[in-house]
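The chains referred to below are lettered A, B, ... by the order of the sequence lines, with proteins before strands, and numbering in each begins at 1. The basis for the numbers below is simple: all heavy atoms, side chains too, and nothing from hydrogens, waters or symmetry mates.
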Amino acid sequence: MPELPEVETIVAQLKQKIIGNKVIKVEVLDSLVEPKIKDLTPFRFIDVRRRAKYIIMCLDNGKYFLVHLGMTGLFYFVEKAQLEQKKKCYQPHLLATFTFNDGSILTHNSVRKIGSFRLMEEKELNMALSKLGPEPLDSEFTLGKFKEMLTQKSRAKVKVTLMDQSFIAGIGNIYAQEALYHAGINPERKIGSLNSTETKKLYESIILVLKEGIKHKGTSVDEYIHLEGAGENQKYLRVYRKKKCPQGHLLKKEAMGGRGTSYCPVCQK
DNA sequence: CAATCGTCCTGCGGGC
DNA sequence: TGCCCGCAGGACGATT
């Protein structure tokens, strides 16, 4: 599922491929968006950004596409010369198509359609993003800041809190489990029970597993691929969808916050 | 305030 | 062999 590292990877590649290109045609298969895209073209993309798990595509007319990939959202960028031979890759589960003046296309696809693709004015965009917590890879996210944030949540379970987008942005079920294993913390622990050493370790582990994810261009389990193929981070996972931890201990799997959660009863205290 | 549940959606794998 | 069931889960709103 696309979390911070997956979205970061896609955004970096979109920047390379679409900034400055003139869009001459847009099709979005969503009854809420369709009326809004009348008379939108032509326009150019002037920037692509990430906030939490959202992709923000900035248009040169002051409008924005705010995209959430849900669990199965993908982008394909196809050069004009390859449109025919690559049909099988970009046709299934098609939700949106941008056609550029050089004949290349950008498509958005999603098997389960649990995501969103909205055209917004700046005010709406800021409203939609206003409730998100801090970015874990920002320089402003310091250990001191993290400790201060945790004091507001002392009775909540640590795993559920890491996945709370209003608490901290961009962490989902994969990287929450990976960070907790790396930090040696049981996902069911209450925030208030973490001592100073554990808090520091968790802070460092969050940053480490997210950076690992970006370095490997995301985790390709189920549908996720980036614009140039599959990610590699699934090769480096420690507990997510695993039977044993790297130490060889049998993992436990329990539902937490309605999500499957694997953890090691030996390594994670 | 915390936690859970239902909702959206569809492919796939397990079980019989 | 084929079919049905349930699981996978990000975000959000309602409920406990």
Side-chain angles (χ1 to χ4, degrees), chain A residues 1-11 28-33 50-56 65-75 88-89 91-96 108-118 120 124-125 127-133 135-136 149-180 186-194 210 213 218-225 230-231 233-234 237 239-243 251-263:
Chain A
M1 7 284 44
E3 302 179 26
L4 187 154
E6 289 74 29
V7 179
E8 184 75 17
T9 301
I10 290 171
V11 164
V28 178
L29 288 121
D30 182 325
S31 57
L32 289 174
V33 184
R50 181 189 62 75
R51 175 75 173 101
K53 302 173 196 168
Y54 288 98
I55 297 168
I56 305 160
F65 279 100
L66 180 65
V67 184
H68 196 295
L69 299 174
M71 280 164 296
T72 61
L74 304 170
F75 278 102
K88 275 183 210 149
C89 92
Q91 292 281 10
H93 317 296
L94 195 58
L95 296 183
H108 168 61
N109 312 60
S110 182
V111 174
R112 273 171 273 179
K113 300 176 196 166
I114 301 180
S116 57
F117 201 104
R118 294 286 129 84
M120 293 185 170
E124 296 173 85
L125 178 79
M127 187 73 85
L129 300 177
S130 66
K131 287 171 194 151
L132 294 166
E135 286 290 329
M149 287 157 59
L150 290 175
T151 60
Q152 312 295 317
K153 280 269 183 184
S154 64
R155 287 194 298 276
K157 279 183 186 171
V158 60
K159 195 245 176 175
V160 175
T161 304
L162 289 182
M163 290 176 64
D164 178 352
Q165 300 303 299
S166 67
F167 178 78
I168 186 167
I171 301 173
N173 204 25
I174 298 174
Y175 295 95
Q177 290 174 55
E178 291 296 310
L180 285 164
N186 186 304
E188 298 211 70
R189 288 275 296 279
K190 295 278 163 72
I191 298 261
S193 77
L194 301 177
L210 291 174
T219 302
S220 285
V221 293
D222 299 335
E223 283 82 5
Y224 167 77
I225 50 167
N233 199 54
Q234 63 280 8
L237 295 175
V239 289
Y240 180 76
R241 292 209 193 171
K242 298 268 180 191
K243 294 265 183 279
L251 297 177
K252 277 198 174 182
K253 189 169 183 193
E254 281 167 31
M256 232 168 276
R259 300 290 168 256
T261 306
S262 296
Y263 67 96

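Checked against ring-ring contact (aromatic ring centres under 6.0 Å, His included), Tyr175(A) has no partners two or more places apart in sequence or in another chain. Applying the side chain to side chain contact (heavy atoms under 4.5 Å, CB included) criterion to Ile225(A), with sequence neighbours excluded, gives Leu74(A), Tyr76(A), Ala230(A). Every residue two or more places apart in sequence or in another chain was checked for a ring-ring contact (aromatic ring centres under 6.0 Å, His included) with His93(A), and none qualifies. Among residues two or more places apart in sequence or in another chain, the side chain to side chain contact (heavy atoms under 4.5 Å, CB included) test is passed with Arg112(A) by Thr72(A), Ile114(A), Glu223(A). Applying the side-chain hydrogen bond (donor to acceptor under 3.5 Å, both in side chains) rule to Ser116(A) yields no partners; only residues at least two apart in sequence or on another chain are considered. The side chain to side chain contact (heavy atoms under 4.5 Å, CB included) search around Ala156(A) returns Lys153(A), Thr161(A), not counting sequence neighbours. Among residues two or more places apart in sequence or in another chain, the side-chain hydrogen bond (donor to acceptor under 3.5 Å, both in side chains) test is passed with Lys113(A) by none. Scored by the side chain to side chain contact (heavy atoms under 4.5 Å, CB included) test, Asp30(A) finds Val28(A), Leu32(A), Val33(A), Arg118(A) as partners (sequence neighbours excluded). Remark: Glu254(A) engages Tyr263(A) in a side-chain hydrogen bond (donor to acceptor under 3.5 Å, both in side chains) (not counting sequence neighbours).
Side chains of Lys252(A) and Ser262(A): no donor on one and acceptor on the other come within 3.5 Å.
Whole-Å rounding puts the Ile114(A) CD1 to dA8(C) P distance at 13 Å. Atom NZ of Lys190(A) and atom C1' of dC1(B) are 12 Å apart (whole Å). Whole-Å rounding puts the Asp30(A) CG to dC8(B) C1' distance at 13 Å. Following rounding to the nearest Å, Lys253(A) (NZ) and dC7(C) (P) show an atom-to-atom distance of 10 Å. Here the P atom of nucleotide dA8(C) and the OH atom of Tyr224(A) are 22 Å apart, to the nearest Å. Atom pair Ile191(A):CD1 and dA2(B):P shows a separation of 10 Å (rounding to whole Å applied). Between the CD1 atom of Ile174(A) and the P atom of dA8(C) there is a distance of 13 Å, rounded to whole Å. Regarding Glu6(A), its CD atom lies at a distance of 10 Å from the P atom of dG10(C), rounded to whole Å.
Backbone-only contact: Gly260(A) has heavy atoms under 4.0 Å from sugar-phosphate atoms and none from a base. At a threshold of 4.0 angstrom between heavy atoms, the contacts of Met1(A) are confined to the sugar-phosphate backbone, with no base atom among them.
Distance check: Ile171(A) CD1 to Leu162(A) CG gives 5.5 Å after rounding to the nearest 0.5 Å.
Rounded to 10 degrees, the angle separating the terminal helix axes of the helix from dA2(B)-dT16(C) to dC16(B)-dG2(C), each built from five base pairs, is 60°.
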TODO: Heavy atoms under 4.0 Å is the rule here; annotate nucleotides 10-15 of chain B 5' to 3' with B where the base is hit, S where only the sugar-phosphate is, and - elsewhere.
DONE: BS----

Open item on the list: For a quick check, with a 4.0 angstrom heavy-atom cut-off, what is the B/S/- contact string for nucleotides 11-16 of chain C, read 5' to 3'?
Closed with: BS----

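Checking the phosphate oxygens (OP1, OP2) of dG9(C), a side-chain nitrogen or oxygen of Tyr240(A) falls inside 4.0 Å.
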